Undergrad: 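Just passing along the structure, written as structure tokens.
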Amino acid sequence: MITLKNDDPEVWRAIQEEVERQQNTIDLIASENICSPAVQEAQGSSMTNKYAEGYARKRWYAGCGNVDTVEELAIERAKQIFGAEHANVQPHAGSQANMAVCFSVLKPGDRILGMDLSHGGHLTHGFKKNFSGMLYEITHYGVKKETGYIDYDELRAIAIKTKPHIIIAGASAYPRIIDFQKFGKIADEVGAYFMADIAHIAGLIVGGVHPSPIPYADFVTTTTHKTLRGPRGGLILCKSKYAKQIDSVIFPGIQGGPFMHCIAAKAVAFKEAMTEEFKQCQRQTVKNAKTMAQEFVKRGYTLVSGGTDNHLFLIDLRNKGIPGKEAQILLEEVGIILNRNTIPFDERGANEPSGIRIGTPTVTSRGIKEAEVIKIAECIDKILSNPSDIKIKETVQKTIRDLCSAHPLYEEACQVAK
Ligand code: DSN
């Protein structure tokens with residue numbers, strides 16, 4: 001970044017420090033990952049300069065031949081990796097993807113049934129301060145208090161009672177397999193559309209370690225930067241019969257010019273997702289999460305649902321007497337980055353919740369395996385059990401620093417497609 005360094009040293013320095021921060025810390029934020037240098041090159045390319053309102057070969061601007069090529073590649077690759085009939089690769093983010101589905105089949109005042117945010121759902125699934133909660137009538141399903149698993153009986157009962165126009169499956173903090181077939185059946189039974197938001201688990205689905213909703217859902221939405229390991233962005237997959245309405249809601253409905261540099265980067269990421277290395281990485285991500293979860297259980301921690309089937313798990317810290325926010329801050333001080341999180345039926349507010357969320361996509365992309373995630377769990381336990389012990393803090397800082405040095409961000413086989 002020689003030019004940037006010369007022209008704008010302040011921004012250059014902040015970027016360098018961010019690279020160093022990523023290199024020198026262990027990132028356990030379940031929604032983050034490390035995309036490859038190839039993805040970053042595409043995203044940092046001159047395609048950012050191009051206006052391309054419309055769709056490939058039907059643009060409102062001249063000079064769109066090259067951006068058409070990348071959008072067509074992205075669409076074909078997205079369809080291929082997910083086995084979908086239609087793909088729209090233009091959503092700027094997951095929220096826009098979800099908004100487009102809602103706008104394509106709902107009128108203001110229509111009913112949505114989505115997962116409760118405090119049980120692991122997402123803002124766009126009906127949170128009152130989000131567009132979804134403002135425009136539509138919302139009911140929520142959640143998890144069973146005793147098990148932490150989605151309560152499919154409750155879901156069906158609510159669906160029968162409230163007759164939603166759309167049912168949304170998908171979560172930001174749910175550690176178990178989602179039974180999309182069951183969701184599809186319930187939606188059919190009550191005459192609702194079924195949308196699966198697979199943002200967190202898209203990479204796992206492509207890697208064959210989570211069942212796909214494609215056979216059952218009318219619409220599938222995702223971000224492209226979580227387990228899928230692409231650039232920050234969104235994607236909609238749907239049956240061909242909805243293609244026209246989805247495309248016209250994205251443009252001109254809610255977006256103008258697509259971000260062609262991001263679409264180029266999505267195309268690159270989708271190609272990487274076809275490789276055996278990518279699939280192996282997804283399998284290892286789940287293995288790492290399961291191993292780490294078991295280690296916490298061994299050490300006396302309470303996990304929501306008792307463990308995990310996917311890339312993340314939630315620790316209920318109530319029996320440790322340490323709130324989630326304090327845990328987040330203490331761990332950041334030793335180089336472990338994660339986020340506080342509500343646990344289902346949390347009596348504390350969202351800002352001061354009782355739990356933390358731990359995810360393994362980023363550490364796995366750095367080549368970290370079972371032995372090391374056990375070591376990370378041990379470090380977390382040491383800090384949370386001895387929050388004011390300076391010696392322990394120093395030892396853990398060193399362990400984390402050494403682990404980071406042994407796994408450089410961009411050198412492990414797992415994260416750069418061959
Ligand atoms: N904010 C994301 C997460 O952390 O899960 C979801 O959009």
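Quick caveat, the model's predicted, so the values are computed rather than measured. Only this structure's heavy atoms are used, side chains among them; waters, hydrogens and symmetry mates stay out. Counting starts at 1 for both ligands and their atoms, in listed order.
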Undergrad: Are the aromatic ring centres of Phe194 and Phe183 under 6.0 angstrom apart?
TA: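 Judged by ring-centre distance (under 6.0 Å), Phe194 and Phe183 do meet the cut-off.
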Undergrad: Quick one: look up the protein heavy atom nearest atom 7 (O) of ligand 1 and list residue, atom name and how far away it is.
TA: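 Answer, as residue, atom name and distance: His122 NE2, 2.9 Å.
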Undergrad: Any donor-acceptor pair under 3.5 Å linking the side-chain atoms of Arg111 with those of Thr162?
TA: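 No donor-acceptor contact under 3.5 Å links the two side chains.
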Undergrad: Please work out, at 4.0 Å between heavy atoms, whether the side chain, the backbone, both, or neither of Arg357 comes within that distance of ligand 1.
TA: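 The answer is the side chain of Arg357.
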Undergrad: Has Glu18 got more than 12 heavy atoms of other residues, nucleotides or ligands less than 6.0 Å from its CD?
TA: yes
Undergrad: Does this structure show an ion pair linking Glu276 with Lys279, if we count only N-O contacts that are shorter than 4.0 Å?
TA: no
Undergrad: Short list, please: which atoms of ligand 1 are under 4.0 Å from a heavy atom of Ser172?
TA: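 Listed by number with element: 5 (O), 6 (C).
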Undergrad: Could you go through the side-chain hydrogen bond (donor to acceptor under 3.5 Å, both in side chains) check for Asp179 and Tyr152 one step at a time?
TA: CA-CA 9 Å; Asp179 190 337; Tyr152 292 96; 5.4 Å; no
Undergrad: Do me a favour and list the nearest non-hydrogen protein atom to atom 5 (O) of ligand 1 with residue, atom name and distance?
TA: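 Closest protein heavy atom to atom 5 (O) of ligand 1: His200 NE2, 2.7 Å.
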Undergrad: Protein heavy atoms: any of them under 4.0 Å from atom 1 (N) of ligand 1?
TA: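 Within 4.0 Å of atom 1 (N) of ligand 1, no protein heavy atoms are found.
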Undergrad: Any atoms of ligand 1 less than 4.0 Å from a non-hydrogen atom of Ser31? List them with their elements.
TA: 3 (C), 4 (O), 5 (O)
